[in-house]
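Read through the structure below, which is laid out as structure tokens, and then see the notes.
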Amino acid sequence: MTKERVYNFSAGPSMLPEPVLKKAAEQMLNYENSGMSVMEMSHRSSSYLDIFNNTKALLKKVMNVPDNYEIVFLHGGATQQFSMIPLNFLKTGKADYAVTGNFSNLAYKEATKFGDIHVAYDGKEDNYAHIPTQDELNLSEDADYLHICANNTIFGTEYKYDPVTKNGCPVIADMSSNILSQKVDVSKYGMIYAGAQKNMGIAGLGIAIVRKDLLNDVPANAPVLMDYSLMIKKDSMYNTPSAYAIYMCGLVLEWVDQNGGVEAMYERSIKKSQMLYDYLDSSDFYKAAADKANRSRMNVTFTTPSKELDAKFVKESIEAGMTNLKGHRLVGGIRASIYNAMPVEGVEKLLDFMKKFEEENK
Ligand SMILES: *Cc1c(COP(=O)(O)O)cnc(C)c1O
């Protein structure tokens, strides 16, 4: 039994900021004298509509979303949008996908059900340790869009630039695991989307920030909940939205806003990830998994000298009050996910543990 909260290095669902959990707890039984929990509210009530509209306004503010974009809240996390993207954005039937990891591969495979999908980059050969440079992207002249995954949660790599297309078609980016962790020039993307459970709330909720003019001719047979234009027209309430998850997203956005916004989140992410990478680079015992130029600020992946020591590391880290450091089953090794909600103290504690473990096992 764990009596205290642990430092949870899970890749997702992941840590939430403690003030967010406390506020949710305070408001659990009686939200602002409404006499009920947010979970019990009609999504059409004025109390709930205030929550909804504030959440949307905060996301617009925090991400500096231009007026020609719409924000939409969806069901089905990020994965449902793997299907929605080709369904809504294929016009001629062709699209480019840069496959830089597990999720971009899943997005690619889903898209092949709908059209003629071209792999603009495939990172498989070097086990997804690398992010393509702009020149390494093999782009088509006639694609309807380019799909990228901005941060590869499993492999620990991240784009450090905004890719551009050859023919001016929009770039669509899965930002599930690095949204709200840096300033993004939204106008460089046709659409940005994310599942909420990594850096902006709890699982089940998906968000999308879509440039309005791209949704002019969605196919008539698109299922209602998978039609971005209809969902936007209904202001995310064609049916009952993921009401509580949207409320939680609002609390997270409020926390980001009150703590210096995405600029401050970026500074902290550099500080935390650099603490770990600097040590990994100085050590002969550990080895960082991702290419130096493409290392993620959110998911730090590394190995010890053997699989046995990896397992021992994970076991002993749990005893030391840290959880979920085991790498994804597809890659093994160790992965420390250090999203916005992970305090610097958590990373310091991990670093101390890593040093001690190295001393004891080298
Ligand atoms: C977690 C994750 C997903 C999948 O999110 P779900 O909400 O489980 O569908 C997709 N893309 C990236 C980059 C992720 O990190």
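Note that ligands are numbered from 1 as they come in the structure, with each ligand's atoms numbered from 1 the same way. Along the sequence shown, the residues carry numbers beginning at 1.
Side-chain atoms of N199 come within 3.5 Å of backbone N or O of I179 as a donor-acceptor pair. S140 places no side-chain N or O within donor-acceptor distance of the main-chain N or O of A143, the cut-off being under 3.5 Å. In terms of modelled atom types and a separation under 3.5 Å, the side chain of E136 and the main chain of Y121 share no donor-acceptor contact.
The immediate protein surroundings of ligand 1, defined as residues with any heavy atom under 4.0 Å of it, consist of G77, A78, T79, F82, F103, C149, N151, T153, D174, S176, S177, Q197, K198.
Of the candidates K212, E70, Q81, K233, Y228 forms a side chain to side chain donor-acceptor pair (under 3.5 Å) with just one, namely Q81.
At least one test fails for K56 against the ring of F73: distance under 6.0 Å to the centre or angle within 45° of the axis.
Under the 4.5 Å side-chain criterion, counting only non-hydrogen atoms from C-beta, R211 is in contact with N68.
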